[in-house]
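One structure is given below, encoded as structure tokens.
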Amino acid sequence: MRHPWFEISRMGLLALAAVVGLLPAVADARADLDLAPSQFAPSETAPQFETNDYGIEQVSAEALTRPDPELPDVSKYNGEAVEQRLAQRPSEAPNVSVERIAGVSALGDFVDEGRAREWVIRQFSHPQAILVNSGKATLDDVYEQVNDARYMERNDDGSYIIRLPLVVRPGATLEIRDQTLRLSEERGAFIANDSWLFVIDSTIVGWREQAKGPATYQEKSSFRPFFVGWGGSETFVLGSEFAHLGYNQSKSYGFSIAQYSKYDNAKLKRSAPHAWLVDSTFRDIYYGFYCYEAEDVAIVNNVYEDNIVYGIDPHDYSSNLLIAGNDVYGTKEKHGIIISRQVNDSWILDNHSHDNGLSGIVLDRQSRNNVVANNVVHDNQGDGIGLYESPDNLLWGNRLINNLRNGIRVRNSTDVGVYHNIAALNGTFGVLGQIKDLSATDRDFEEDFYHQAVSMTVVGGKLAANASGPLSIDNPLYIGLYDVDMRFPRSDVGIHFDGVLGHYQTEIFDALLNQQRAVRLQPTATTD
């Protein structure tokens, strides 16, 4: 069930929510992001410090404050811009055929390593696909040229069902507008875009023909139809719905934008795939969104509802992504929004991520130089925002309310900016800085390197009524604090710090509250 963020009532503290100011902050964008680089090379290990190794100094406010980040213009991702892109595509007569899938680059991943057997069984013959070979085609064009109800059929309500994979080949354009397209689960249908695809004011749904209804999720290994946009492709989705798609197989997760493998792309030489997803809904999808080595992807003003593993999951070496204005909720297993494995130079802005199975927003596995700003994140079963092994990121103006664990968790991540955030009513800390040894995990430490170190600057905002306290940090390389409101403790003993912060608690509060000065804690000497 959806719970609007303004209805939070944990422990009867609605009045507190008003006091700490949970209304959106208006930022005056003035400066580019300019985070300091992490001070460790991948192979280095951070030194460990004891409490008495630290010193505290008062510093000027100017030493820790910074201008508001200059945020990208989200408004340019709109219907008019999508229509302009479509109008620029050549209006050549379409050519559509039904052919065997061997040798079709967009289908290679689905016939290698024995996966072709899936389609042999479902098609009762040598696997075939519907190919949009060239020109600018509509779904009506595809239907007329296929001209075989075994492969594609028009239903009485005007919707279509396809019973083969549908491929847009290099150079071709497919426009799906004001249509409902059902992808047959029993026959193994899916869509692979290897060129240009526009889905406008339409519905694309996985369909269970025997049940005469949607292919709702059953288990992760069970085939469901899916969509994938390959390297070199351009995918535009506007005002549409994708539902009941995806299962646990590579590039078959539901809605994927992915570069070809290194082996395949050595021959194909495709550029990174691109996509715009605007004003659309993605529901009951194994991964609501997944990408791999993608660039310049815009995910703007969508609804991600009741997806299975993740809501939005950009992955592996993607960059320059914009994730803005989305409502992400009801993710059943894990996080609402996660970027993972060197997803860099991207923006996560103005999203509403709530009621998800784990955390609201996560940055993972060396994802760097990202801005997470002005998001509302509440009632998640993990942290509000989690940074795992991801240094050099900025968290700005987020509201993190009533999450089961921490408001913000920073694990094994250095040079993190935590500016003007509100973390209230969370189940453990408002902000937690954590060092953790991951050697017992199955992580590939060559690909997913990390070091056990944490450092951050916390400026402005409110850390109020969090169950374990406002702030905790393990042996940081440094922590800077200024103008942080820590009123309304949940504990009977009032505000209390542990560890390094506890050792200097009197000095910290004197500087912050009485003198309105900034403080910085850092080791005074390196230890063995």
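Below, each value reflects all heavy atoms present in this structure, side chains not excepted, and no hydrogens, waters or symmetry copies. Bear in mind the structure is a predicted one, so any value in this text is a computation, not a measurement.
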| field | Residues which pass ring pair (Phe, Tyr, Trp, His ring centres under 6.0 Å) with Phe255, listed by chain and number, not counting sequence neighbours | value | Phe227, Phe242, Phe282
| task | Going by the side-chain hydrogen bond (donor to acceptor under 3.5 Å, both in side chains) test, name the single residue among Gln366, His451, Arg411, Arg341 that passes it with Glu389. | result | Arg411
| said: Looking at Gly417, is its backbone amide N or carbonyl O close enough to the side chain of Thr457 to form a donor-acceptor pair, meaning the two atoms are under 3.5 Å apart? | reply: no
| message | Is it the case that over 12 heavy atoms from other parts of the model lie below 6.0 angstrom from the NZ atom of Lys267? | response | yes
| message | Applying side-chain hydrogen bond (donor to acceptor under 3.5 Å, both in side chains) to Asp284 and His244, what does each step give before you reach the verdict? | response | CA-CA 5 Å; Asp284 184 35; His244 312 300; 2.6 Å; yes
| message | Please give me the minimum heavy-atom distance between Ala423 and Gly430, naming the atom from each residue. | response | CB-O, 3.6 Å
| Which atoms form the tightest heavy-atom contact between Val410 and Val454, and what is the distance? | O-CG2, 3.8 Å
| query | Backbone N or O of Val431 within a donor-acceptor pair of the Asn406 side chain at under 3.5 Å? | reply | no
| Donor-acceptor contact present, side-chain Arg520 to main-chain Gly480, <3.5 Å | no
| said: If you compare all heavy atoms of Glu62 against all heavy atoms of Thr65, which two are closest, and at what distance to 0.1 Å? | reply: CA-OG1, 3.6 Å
| said: For a 4.5 angstrom cut-off between non-hydrogen side-chain atoms, does Leu71 reach Trp396? | reply: no
| Test item: Ser202 side-chain N/O and Val199 main-chain N/O as donor-acceptor pair under 3.5 Å | no
| Minimum side-chain heavy-atom gap Asn393-Ser413 below 4.5 Å | no
| field | Presence of salt bridge, Asp194 and Arg270, under 4.0 angstrom | value | yes
| said: Quiz question: by atom type and distance under 3.5 Å, do the side chains of Asn403 and Asn426 form a donor-acceptor pair? | reply: yes
| Atom OG1 in Thr428, atom CG in Asn466: separation rounded to 0.5 Å? | 7.5 Å
| field | Any donor-acceptor pair under 3.5 Å from Asn351 side chain to Gly325 backbone | value | yes
| said: I'd like to check Asn412 versus Ile435 (side-chain heavy atoms, cut-off strictly below 4.5 Å). Are they in contact? | reply: yes
| Is there side-chain contact between Ile339 and Ile323, with at least one heavy-atom pair below 4.5 Å? | yes
| field | Residue pairs involving residues 62-83 (criterion ring pair (Phe, Tyr, Trp, His ring centres under 6.0 Å); sequence neighbours excluded) | value | Tyr77-Trp276
| query | Which is it for Leu181 and Trp207 under the side chain to side chain contact (heavy atoms under 4.5 Å, CB included) test, yes or no, and what are the steps along the way? | reply | CA-CA 9 Å; Leu181 177 60; Trp207 195 254; over 6 Å; no
| Spacing of CG belonging to Leu481 relative to CD1 belonging to Ile473, to within rounding of 0.5 Å | 8.5 Å
| Test item: Tyr260 and Ser105 side chains (from C-beta on) under 4.5 Å apart, heavy atoms | yes
| query | How far apart are the C-alpha atoms of Tyr287 and Asn248, what are their side-chain angles, what is the distance that settles it, and do they pass the side-chain hydrogen bond (donor to acceptor under 3.5 Å, both in side chains) test? | reply | CA-CA 9 Å; Tyr287 289 11; Asn248 189 29; 5.2 Å; no
| Test item: side-chain donor near acceptor, Ser367 and Asn370, under 3.5 Å | no
| request: Go through Leu358 and Asn356 one step at a time and tell me if the side chain to side chain contact (heavy atoms under 4.5 Å, CB included) criterion holds. | output: CA-CA 6 Å; Leu358 283 178; Asn356 296 295; over 6 Å; no
| request: Nearest 0.5 Å please: distance from the CZ atom of Arg89 over to the CD atom of Glu234. | output: 8.5 Å
| Working for side chain to side chain contact (heavy atoms under 4.5 Å, CB included), residues Val328 and Ile361 | CA-CA 10 Å; Val328 185; Ile361 299 174; over 6 Å; no
| Hey, are the side chains of Ile337 and Asn326 touching, using non-hydrogen atoms and a 4.5 Å cut-off? | no
| Do you know which two heavy atoms are closest between Gly206 and Pro225, and how far apart they sit? | CA-CG, 4.0 Å
| From Asn398 CG over to Leu349 CG, what is the distance, rounded to the nearest 0.5 angstrom? | 9.5 Å
| message | Please identify which of these residues, Phe110, Tyr247, Tyr286, meets the ring-ring contact (aromatic ring centres under 6.0 Å, His included) condition with Phe223. | response | Tyr247
| task | Decide yes or no for Ile479 and Leu501: does some side-chain heavy atom of the first lie under 4.5 Å from some side-chain heavy atom of the second? | result | yes
| query | Just by modelled atom types, is the Glu293 backbone N or O under 3.5 Å from a matching donor or acceptor in the Ser318 side chain? | reply | yes
| request: Give a yes or no on whether the backbone of Asp350 and the side-chain of Asn375 come within a donor-acceptor separation of less than 3.5 Å. | output: yes
| remark: Separation between CZ (Arg405) and CZ (Phe429), nearest 0.5 Å, reads 14.0 Å
| Going by distance alone, is a donor N or O of one side chain under 3.5 Å from an acceptor N or O of the other, for His378 and Asn402? | no
| Tyr290, Phe289, Tyr310, Phe226 screened by ring-ring contact (aromatic ring centres under 6.0 Å, His included) with Tyr253, the one that passes | Tyr290
| task | Say whether, by atom type as modelled, one donor and one acceptor occur between the side chain of Thr235 and the main chain of Gly229 under 3.5 angstrom. | result | no
| request: Answer yes or no: does atom NZ of Lys251 have more than 12 heavy-atom neighbours from other residues, nucleotides or ligands under 6.0 Å? | output: yes
| said: Tell me whether Glu83 is salt-bridged to Arg177, with the criterion being a basic N under 4.0 Å from an acidic carboxylate O. | reply: yes
| task | Classify the side-chain pair Tyr329/Asn380 by whether it contains a donor and acceptor separated by less than 3.5 Å. | result | no
| query | In chain order, what residues pass the salt bridge (charged side-chain N to carboxylate O under 4.0 Å, His left out) check against Glu295, with sequence neighbours excluded? | reply | none
| task | Quick one: closest heavy-atom pair of Val377 and Gly384, and the distance? | result | CG1-O, 3.3 Å
| query | Judged by atom type as modelled, is there a donor-acceptor pair below 3.5 Å linking the side chain of Ser75 to the main-chain atoms of Asp73? | reply | no
| request: Applying side chain to side chain contact (heavy atoms under 4.5 Å, CB included), run through Ile176 and Leu197 and close with a yes or a no. | output: CA-CA 8 Å; Ile176 301 175; Leu197 173 66; 4.3 Å; yes
| request: Determine, step by step, whether Asp392 and Asn369 satisfy the side-chain hydrogen bond (donor to acceptor under 3.5 Å, both in side chains) criterion, reporting the C-alpha distance in whole Å, the side-chain angles of both residues, the deciding distance to 0.1 Å, and the verdict. | output: CA-CA 5 Å; Asp392 311 325; Asn369 202 40; over 6 Å; no
| request: Could you tell me the separation between the CZ atom of Phe198 and the CG atom of Leu86, rounded to the nearest 0.5 Å? | output: 5.0 Å
| Do Arg224's NZ or CZ and the ring of Tyr217 fall within the cation-pi criteria of under 6.0 Å and 45°? | no
| field | Side-chain (Ser233) to main-chain (Trp196) donor-acceptor, under 3.5 angstrom | value | no
| Between Gln259 and Pro273, which heavy-atom pair has the shortest distance, and what is it? | N-CG, 3.9 Å
| Heavy-atom side-chain contact between His335 and Asp364 under 4.5 Å | no
